[in-house]
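Single-structure report; data block below.
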Amino acid sequence: MNYDFSRVEKKWQDKWYQEHSFKAVDFHPTKPKFYVLYEFYNISGNLHMGHLKGTIPADALARYKRFCGYNVLYPIGGDAFGLPAENAALKTGINPHDFVANGMNLAMEQSKKFGLSCDWERTFATSDPDYFRWTQWIFLKLFEAGKAYKKKAYVNFCPNCNTVLSNEDSQNGRCDRCNGEVVQKERWVWFLKMQEYSEKLLGNIERISMPDSLKESQRNWIGKSEGITLSLDIVDEDNNKLDVIKIFTTCIETVYGVTFVVLAPEYRLVDKLLSHIDNPDSVAQYRSDTSLRSEFDRISDIKEKTGCRLEGLYAVNPMNDERVPLFIADFVLANYGTGAVMAVPMHDQRDYDFAKTFEIPLIQVIEGDCNNHAVEKSEYLYSDALMMNSAEFTGLPVIEAKEKIVAKVIGMGVATKTVNIKMGDWPFNRQRYWGEPFPVVFCEKCGTVGLDEADLPLLLPGTKDFSPTENGDGPLSKIESFVNCKCPKCGGAAKRETDTMPNWAGSSWYWLRFVDPHNNDCLADIDKLKYWGSVDCYTGGTEHITRHVLYAFFWQNFLYEIGVVPTRDPFIRKMGSGLILDDEGKKMSKSSTNGVSPMEIINKYGTDVTRLHLHFLGGYEDSTRWTFKGIEGITSFVNKVWSLQEMVNGDKISKQHIYDINRLIKKVSEDIENLQLNTAIAAFMSFIKNIRVDGFITKDELRVFLILLNPLAPHITSEIFECVYNSQILSEEWPKYDERYIVEDIVTVALQVNGKLSKTITVTRGLSKEDLISEINRQFPNTIGTDVKKVIHIMDRILNVVK
RNA sequence: GGGCAAGUGGCGGAAUAGGUAUACGCGCAGCACUUAAAAUGCUGUGACCAAAAGUCGUGCGGGUUCGAUUCCCGCCUUGCCCACCA
């Protein structure tokens with residue numbers, strides 16, 4: 001008889017839910033804690049394959065740890081603010097509240113059908129007022145601490161939709177919604193002072209166990225680079241000094257090759273010196289052109305450098321008092337470094353391209369082949385190239401010259417050593433409806449004022465109009481009753497902020513709330529936070545992971561500093577789940593048509609088979625191509641597991657059985673710890689094969705087998721356990737293995753000649769080199785021979801004869 | 001352009017403090033059970049060769065080593081992330 005999944009799986013899912021089988025107990029008196037977290041669902045409708053691939057290994061780990069005696073916290077929730085709900089509202093008019101309520105119900109319903117062992121009583125969505133009240137509270141604290149500020153900045157703007165877009169919404173310079181061109185527009189933007197946390201974030205990266213690739217991309221995102229800030233005088237045609245500018249460079253060794261200086265178009269000094277510039281009209285024109293220029297143009301025309309000379313002005317190279325022309329150009333970014341660069345066309349490809357366009361002279365200062373291109377840092381820095389055209393440094397090796405030039409510029413008082421951080425402050429507002437309203441008002445008398453904590457949460461007002469205004473303000477700005485309010489400080493008339501927080505806000509602290517989700521007095525009780533501590537294992541997809549984790553570090557550090565959480569590290573171990581791909585190796589996503597629905601597969605094959613098959617397809621961190629190929633093998637395995645009940649037989653027990661079961665315990669334990677579930681399943685298959693050859697399994701062995709398999713296939717194992725032992729598998733303990741029984745008495749040793757396999761020989765374990773050789777000579781008389789130069793012996797593995 | 005990861009049978013994938021490459025599964029072939037098929041079970045299955053023996057085999061080219069999928073150097077390809085970052 002085969003395993004009837006439709007009867008069995010529903011029964012156990014209902015039972016687990018009704019009996020709160022996986023409730024996490026705060027302050028458990030005896031058990032140590034273990035916190036497993038799968039990143040919460042982005043609520044948009046049905047769950048997809050990526051969710052299943054990401055969450056079932058976390059579930060396996062949670063179930064395993066419970067057997068091992070841990071008090072496990074394994075919660076799930078919904079990231080519910082943001083685009084899916086807002087877009088649905090714009091498209092179909094459905095109210096975002098309803099959209100999210102439906103989405104959450106669906107997600108939780110389907111999670112139960114995945115067989116997840118979550119503590120369902122801790123579930124929430126980020127758009128629940130009970131939750132976002134504390135998101136607003138955190139913002140308020142950031143604001144009070146001076147770490148949230150508003151300033152004018154350029155943002156991506158779609159003139160077609162009148163909407164400000166995030167970088168993700170404007171891939172390749174195209175608007176996500178209408179596919180129109182995106183331009184740059186200046187707006188007031190809320191920023192969080194994330195840059196000043198760079199060193200702390202780098203500390204988190206050091207301490208937390210994460211894949212190297214993730215650590216590296218986080219370090220790149222922060223972009224710490226060490227260099228020199230150099231001051232240059234700005235002079236007019238008659239060498240009158242008008243001002244000083246600062247440039248940042250990591251290549252001070254090329255300073256004698258400077259032939260021009262470039263400022264970002266937005267550089268403020270330009271306004272100040274406008275009266276000294278001979279071509280103010282062209283300058284103004286260029287500045288207005290670049291602001292309208294789409295991001296796509298800027299990126300796609302990397303070779304085509306544009307710019308505008310500031311005629312009549314020069315920068316002076318302090319090393320040799322040479323004066324060089326001054327430009328503004330949009331390849332220089334206003335928000336990196338000082339917004340100004342010294343240009344060395346022979347040693348920087350961008351400067352080279354620019355110099356060619358504007359016919360600026362080139363000076364080579366470091367040896368190297370420079371036929372039609374620049375000799376860049378990557379080519380010369382670790383070579384033996386010598387300096388040239390560089391005054392007293394000419395002829396020195398680059399590394400040595402660099403040190404001496406640094407010493408010289410610092411000695412001259414025109415430069416300082418500088419650490420530069422690429423990561424800017426975090427732009428923190430969106431012109432959308434479906435997000436957390438900012439808990440601040442603008443008062444003519446008092447300026448920007450935070451709400452009283454007691455007035456949180458500040459709820460979203462009801463509306464049916466979710467579109468932005470003509471000038472790109474968010475939908476909230478149209479709701480008079482929301483906008484007009486009283487200043488909490490002076491009681492006078494004030495206006496509310498009408499932007500809302502970004503999607504990232506709610507996801508930057510949610511693991512803290514799972515610890516104490518219903519607390520009305522604070523974001524989470526400090527003692528509960530101390531008890532549950534950092535997340536022991538945080539799993540999730542790799543999409544947006546770099547920034548999500550950095551934002552998480554940032555908030556956790558801040559909350560630590562104001563004393564509301566006990567540690568700077570939100571996680572102990574972070575793992576990234578690989579992508580789920582379709583048959584052609586393309587990413588499976590909800591938006592495209594190649595998606596396979598997990599519920600479809602579960603309905604057809606059952607949850608346990610689906611889980612096992614997905615585990616078996618590949619490792620947790622590898623991308624997995626979804627295929628039905630091979631699912632028959634898993635189905636057949638599951639049916640063999642089911643029929644083990646009929647093979648239970650008394651107490652006959654062999655040495656081989658003891659070896660097999662002990663080895664299985666070891667293998668499965670290690671594999672679950674490392675989330676290497678494909679090889680665990682292979683071990684189960686081999687074990688069951690041996691059992692079937694013998695034709696029986698003892699009751700004790702079956703008990704062990706079922707407990708080991710339960711984290712991967714929870715339903716079938718629970719059912720068999722109940723049938724055979726008339727008790728509940730969940731109250732069992734994880735079996736222990738004994739190293740002594742894993743050692744085999746008989747080993748197969750490879751006999752190699754000159755490193756190539758010649759024969760294998762089966763001998764007793766622990767045979768010495770001499771005994772092994774005489775055994776070989778007995779069994780295979782002519783193999784070793786007499787012309788032997790050397791014999792290499794690795795006990796119980798290899799005997800290599802070198803001739 | 002930069003960073004990171006990965007390239008192993010017909011397919012998904014095992015095996016790396018260097019030590020019998022291809023575990024486990026799919027597929028395929030043969031056999032058994034069937035009137036037959038399905039299901040199930042057993043056997044075989046890297047390539048070349050009728051077979052044995054042998055040779056070749058972990059993206060390509062070198063190197064270190066008694067021995068390299070694993071370590072080093074140089075390429076190629078694919079995927080992901082970032083990208084005019086000075």
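Values below: all heavy atoms of this structure, side chains included; hydrogens, waters and symmetry mates excluded. Here is the naming used below: chain letters follow the sequence lines, and residue numbers restart at 1 for every chain.
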message: Taking only the C1' atom of each, what is the distance from rU16(B) to rA32(B) in whole angstrom?
response: 42 Å
- request: Establish, with yes or no, whether the OP1 or OP2 oxygen of rG2(B) is under 4.0 angstrom from a side-chain nitrogen or oxygen of K422(A).
  value: no
message: Between P on rC84(B) and NZ on K356(A), what's the gap in Å once rounded to a whole number?
response: 24 Å
query: Checking all strands, does V341(A) fall into the base, sugar-phosphate, or nothing category for heavy-atom contacts under 4.0 angstrom?
result: base
- request: Could you tell me the separation between the NE2 atom of H615(A) and the P atom of rC26(B), rounded to a whole number of Å?
  value: 18 Å
query: How far apart are the C-alpha atoms of E206(A) and K215(A), what are their side-chain angles, what is the distance that settles it, and do they pass the salt bridge (Lys or Arg N to Asp or Glu O under 4.0 Å) test?
result: CA-CA 8 Å; E206(A) 279 297 309; K215(A) 288 196 174 200; over 6 Å; no
field: Pairing string, 5' to 3', for RNA chain B - Watson-Crick or wobble contacts under 3.5 Å, brackets [ ] where pairs cross, | to another strand
entry: (((((((..(((......[....)))((((((.......))))))(((.....)))..(((((..]....))))))))))))....
query: Once you round it to whole Å, what is the distance between C1' of rC4(B) and CD1 of I545(A)?
result: 13 Å
- request: Taking only the side-chain nitrogens and oxygens of K756(A), find out if one of them lies under 4.0 Å from OP1 or OP2 of rC56(B).
  value: yes
- line: Separation of rC85(B) atom C1' from I247(A) atom CD1, nearest Å, is 14 Å
statement: Between CG of L614(A) and P of rC26(B) the distance, given in whole Å, is 18 Å
statement: 5'-most contact on RNA chain B (nearest-nucleotide basis), N220(A) vs S217(A), goes to N220(A)
query: Of the options N317(A), I245(A), V316(A), V341(A), which is the one that meets V261(A) in a side chain to side chain contact (heavy atoms under 4.5 Å, CB included)?
result: I245(A)
message: Say we look at rC42(B) and rG59(B): how far apart would their C1' atoms be, to the nearest angstrom?
response: 38 Å
- prompt: Which is true for K215(A) with a 4.0 Å heavy-atom rule: it touches a base, it touches only sugar-phosphate, or it touches nothing?
  reply: nothing
- request: Using the P atom on both, measure rG30(B) against rA39(B) and round to a whole Å.
  value: 15 Å
- request: Identify, between I631(A) and G337(A), the residue whose nearest nucleotide on RNA chain B lies closer to the 5' end.
  value: I631(A)
d(CZ, R692(A); P, rU40(B)) in whole Å: 10 Å
query: Going by heavy atoms in the side chains, are Q752(A) and V801(A) under 4.5 Å from each other?
result: no
field: C1' atoms of rA14(B) and rG25(B), separation to the nearest Å
entry: 11 Å
message: With the 90 degree cut-off around zero defining syn, does rG12(B) come out syn or anti?
response: anti
task: In whole angstrom, give me the gap between the C1' atoms of rA68(B) and rG19(B).
output: 10 Å
- line: In short, G50(A) meets I580(A) closest at the heavy-atom pair N-CG2, 3.5 Å
query: For S225(A) and N420(A), what are the C-alpha separation, side-chain angles and deciding distance, and is it a side chain to side chain donor-acceptor pair (under 3.5 Å)?
result: CA-CA 5 Å; S225(A) 64; N420(A) 225 318; 5.5 Å; no
- request: Round to the nearest Å and state the distance from K377(A) atom NZ to rC85(B) atom C1'.
  value: 10 Å
- line: Protein-proximity profile, nucleotides 11-24 of chain B, B/S/- by nucleotide at the 4.0 Å heavy-atom cutoff, equals -BSS----BB--BB
For the student: nearest non-hydrogen atoms of H613(A) and I631(A), plus distance: CE1-N, 3.6 Å
message: Within 45 degrees of the ring normal and closer than 6.0 Å to the centroid, is that where the cationic atom of K305(A) sits relative to F354(A)?
response: no
message: Rounding to an integer number of Å, can you tell me how far L214(A) CG sits from rG3(B) C1'?
response: 13 Å
- prompt: Parallel, tilted or perpendicular: which fits the ring planes of W426(A) and Y551(A), with parallel below 30° and perpendicular above 60°?
  reply: parallel
query: Is there a donor-acceptor contact under 3.5 Å from the side chain of D608(A) to the main chain of I716(A)?
result: yes
- request: Please state the P separation for the pair rC48(B) and rU64(B) - nearest whole angstrom.
  value: 33 Å
message: Could you tell me how far rG18(B) sits from rC73(B) if I compare only their P atoms? Round to whole Å.
response: 16 Å
query: How far, in whole Å, is rG62(B) from rG13(B) if one measures between their C1' atoms?
result: 30 Å
Within 6.0 Å of CZ in R663(A), more than 12 heavy atoms from elsewhere: no
field: NZ/NE/NH1/NH2 to OD/OE distance under 4.0 Å, K224(A) and E199(A)
entry: yes
